[in-house]
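Beneath this line is the structure, given in structure tokens, with notes to follow.
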There are 2 protein chains.
Amino acid sequence: MATATIRDVARTAAVSVASASRALNGHPSVTPATRTRVLEAADALNYVPHLGARSLSTRRSNTIGVVLPDLFGEFFSEIIRGIDYAAHRRGLQLLLSNMHGSAQETAAALRAMRGRVDGLLVMSPQLDADFLAHNLPKGLPAVVLNGRIEGARHASIAIDNQAGAHAAVAHLVEQGCKRIAHLSGPKGNADADERARGFRDAVATMLGDHDPIVLAGDFSEEAGIAAGTALAGRDVDGIFSANDIMAIGCMAALTEAGRMIPGDIAMVGFDDVPIARYVTPALSTMRVHIAQLGESALERLVATIEADEPPEATAEFLMPELVVRASSARTGTVTSTKGPHDRTQGRVV
Amino acid sequence: MATATIRDVARTAAVSVASASRALNGHPSVTPATRTRVLEAADALNYVPHLGARSLSTRRSNTIGVVLPDLFGEFFSEIIRGIDYAAHRRGLQLLLSNMHGSAQETAAALRAMRGRVDGLLVMSPQLDADFLAHNLPKGLPAVVLNGRIEGARHASIAIDNQAGAHAAVAHLVEQGCKRIAHLSGPKGNADADERARGFRDAVATMLGDHDPIVLAGDFSEEAGIAAGTALAGRDVDGIFSANDIMAIGCMAALTEAGRMIPGDIAMVGFDDVPIARYVTPALSTMRVHIAQLGESALERLVATIEADEPPEATAEFLMPELVVRASSARTGTVTSTKGPHDRTQGRVV
DNA sequence: CTGTTAGCGCTTTCAG
DNA sequence: CTGAAAGCGCTAACAG
């Protein structure tokens with residue numbers, strides 16, 4: 001039994017499809033009598049409108065496309081949660097697509113959105129402006145999340161990584177650290193690169209250290225463990241990790257190697273993923289309101305869509321905030337450490 | 001500059017739209033010559049097919065609708081990850097929709113999928129079969145995840161909660177626990193109810209305890225903390241929590257109240273969310289391969305769609321496995337406890 | 001092999 | 001206020 005169409009409803013109600021459509025959509029110019037007849041017919045037939053057809057004709061899908069590099073880890077689930085939250089309150093649906101890797105696939109994912117969404121949210125820390133400009137379907141509003149934006153022609157919203165790195169280093173220095181190392185993210189990733197740059201800048205100016213130890217990581221826990229093992233025997237009293245997950249792996253490896261945290265080495269991560277406050281010691285980190293990042297991006301996109309004007313290529317930056325927890329507290333800065341694992345928010349500076 | 005349509009491509013290539021369509025879709029019966037002409041034209045115009053239109057005509061969207069009760073927490077992000085993984089390898093997109101609460105909204109979400117997806121994945125531990133039967137658009141293949149399935153007319157895949165609860169209790173008993181309490185999930189949630197039932201059964205048969213302590217929770221960390229506080233002063237030496245998050249909150253509260261875990265009280269959770277192995281002590285739990293649950297559900301749905309037959313209303317059950325970590329190890333069962341937080345998989349029984 | 005002709009299901013002028 | 005008709009962009013018979 002094929003699902004009923006608006007035609008069936010019209011026929012049953014003995015009106016034209018036009019009237020049926022109007023009645024169904026609450027259009028004002030319909031006699032109360034016809035309206036009820038149509039509504040009853042629809043109900044009787046258990047009619048459900050075919051949204052695909054509707055959007056073809058209205059050129060509106062009420063759907064936002066979301067393209068992500070991956071779905072793994074808390075960072076992305078938080079982003080999606082934020083996007084969903086904002087989308088839900090506006091009655092928008094989300095069409096998800098992740099490009100597991102290759103640029104080829106990314107291009108395909110981007111194109112696959114054409115004709116199914118009203119706008120695009122693209123998160124691609126490793127894609128450059130040219131690629132995007134070339135592969136984003138023309139005429140489709142888009143907001144780029146968290147990507148490098150130089151020379152881009154679309155709106156973007158990103159984290160102020162350099163400032164974050166500075167703040168992290170400043171905090172470590174304040175804790176008395178003299179030899180600070182950096183555990184970096186994957187080369188080519190905009191966020192990672194900016195954090196590394198910010199780190200180098202900061203240690204150079206604050207510590208006069210022009211050749212700090214920088215270990216190449218890839219944002220994975222394994223990379224953190226490897227780095228921890230490598231760092232255990234070296235002359236280091238502070239570490240700034242490009243993300244929390246690596247910091248956590250690194251702390252585990254260091255502890256196992258007998259180094260005390262924060263006693264011997266103070267640690268600061270980046271992101272403030274939910275897990276950060278559960279580990280022991282609780283991880284100090286640069287908090288990015290991840291979910292809110294997603295939320296803002298969606299709001300921004302909706303504004304662009306509604307304005308129906310050439311998307312302003314403005315960039316928006318979010319400043320992360322320092323959250324001090326046990327992993328970096330060497331000078332009594334942390335006031336509350338209640339249990340074995342400190343579940344408090346931490347001191348926000 | 002409105003995006004080019006297949007018409008434009010056809011005109012530019014000087015062929016009919018039919019030929020253009022055929023060439024674009026790699027249909028065999030097209031002269032190499034025309035094919036290249038079309039492809040070149042498409043390239044020149046930067047043509048991107050309008051998938052909405054295509055699916056209207058093919059009655060195929062290559063999209064799966066996913067309806068969830070919420071997006072919060074690791075359980076759901078893991079589920080989505082699993083679904084996405086399977087969808088991606090089949091070239092399917094995901095249309096997400098979550099019903100923040102009300103049945104009203106859920107019904108709307110379900111209907112909103114009509115005409116935009118080839119099948120539905122519905123996850124609704126608190127919805128009954130009647131509601132679903134009445135609100136799922138007829139003729140749309142659907143697989144229900146993790147819900148109560150009695151009397152349902154659609155395929156379902158769920159966790160064997162009773163068996164899981166039994167195994168958890170058996171483990172606690174084996175550890176020497178005599179007075180085991182249960183921290184339950186929200187009433188009306190199928191999983192929660194089944195776990196509670198399994199718990200009661202188990203303590204009755206294994207311990208002869210016909211009136212065990214059961215605290216009502218709601219799957220949140222706060223509920224766990226409250227329960228921990230309430231339980232701290234009572235005569236209890238083992239706790240089976242209906243999910244991990246509550247178990248974690250409970251452990252924190254108990255520890256703060258001065259009770260040792262697992263010394264005084266052994267704890268076992270349910271789910272094995274990623275955080276479980278990061279807390280201190282690492283949490284023993286009934287592992288559900290959450291991501292795999294999502295994966296299986298998608299595979300199942302795809303099979304149903306391809307078979308194009310009345311969806312078999314078969315139920316599939318996944319047996320969770322016991323993972324022993326520090327929180328319940330009172331008899332030297334855990335062989336490796338390497339660091340301050342044991343990051344090993346735990347002993348799987 | 002290619003072009004013509006109908007739709008997919010819905011909305012929306014444009015006349016009545 | 002209502003109906004007929006023309007599409008939205010694409011695919012799929014059916015003839016040539």
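All chains are named by letter (A, B, ...) in the order of the sequence lines, taking the proteins before the strands, and each is independently numbered beginning at 1.
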Exercise for review: Identify, residue by residue, the members of residues 35-44 of chain B with a heavy atom below 4.0 Å from DNA chain C, and return them in order of residue number, or none.
Suggested key: none
Pairing residues for [X] by the side-chain hydrogen bond (donor to acceptor under 3.5 Å, both in side chains) criterion, not counting sequence neighbours:
X        : result
A:Thr106 : none
A:Glu299 : A:Arg90
A:Arg11  : A:Asp8
A:Arg60  : A:Asp118

Point to revise | Which residues share a ring pair (Phe, Tyr, Trp, His ring centres under 6.0 Å) with B:His88, sequence neighbours left out | key: A:His100
Check your understanding: For the helix from C:dC1-D:dG16 to C:dG16-D:dC1, how many degrees between its two end axes (five pairs per end), to the nearest 10°?
Key -> 40°
Could you run down the sub-3.5 Å N/O contacts of the protein with nucleotides 9-12 of chain D?
| unit_1 | atom_1 | unit_2 | atom_2 | d |
| --- | --- | --- | --- | --- |
| D:dG9 | OP1 | A:Arg59 | NH2 | 2.6 |
| D:dG9 | N2 | B:Ala53 | O | 3.2 |
| D:dC10 | OP1 | B:Tyr47 | OH | 2.5 |
| D:dC10 | OP1 | B:His50 | N | 3.1 |
| D:dC10 | OP2 | B:Ile6 | N | 2.4 |
| D:dT11 | OP1 | B:Asn25 | ND2 | 3.2 |
| D:dT11 | OP1 | B:Arg54 | NH1 | 2.6 |
| D:dT11 | OP2 | B:Ser21 | OG | 2.9 |
| D:dT11 | O4' | B:Ser57 | OG | 2.5 |

Review point. Base, sugar-phosphate, or nothing: which does B:Thr34 touch, judged by heavy atoms less than 4.0 Å apart?
Key: sugar-phosphate
Exercise for review: Give the rounded distance in Å between these two atoms: CZ of B:Arg11 and C1' of C:dT4.
Suggested key: 17 Å
Practice item. Please confirm whether the backbone N or O of A:Ala315 pairs with a side-chain atom of A:Ser156, one donor and one acceptor, at under 3.5 Å? Key: no
Quick one: salt bridge (Lys or Arg N to Asp or Glu O under 4.0 Å) partners of [X], sequence neighbours excluded?
X        : answer
A:Arg59  : none
A:Glu316 : A:Arg300
B:Glu295 : none

Practice item. May I have all residue pairs that pass side chain to side chain donor-acceptor pair (under 3.5 Å) and include part of residues 32-54 of chain B, sequence neighbours excluded? Key: B:Asn25-B:Arg54
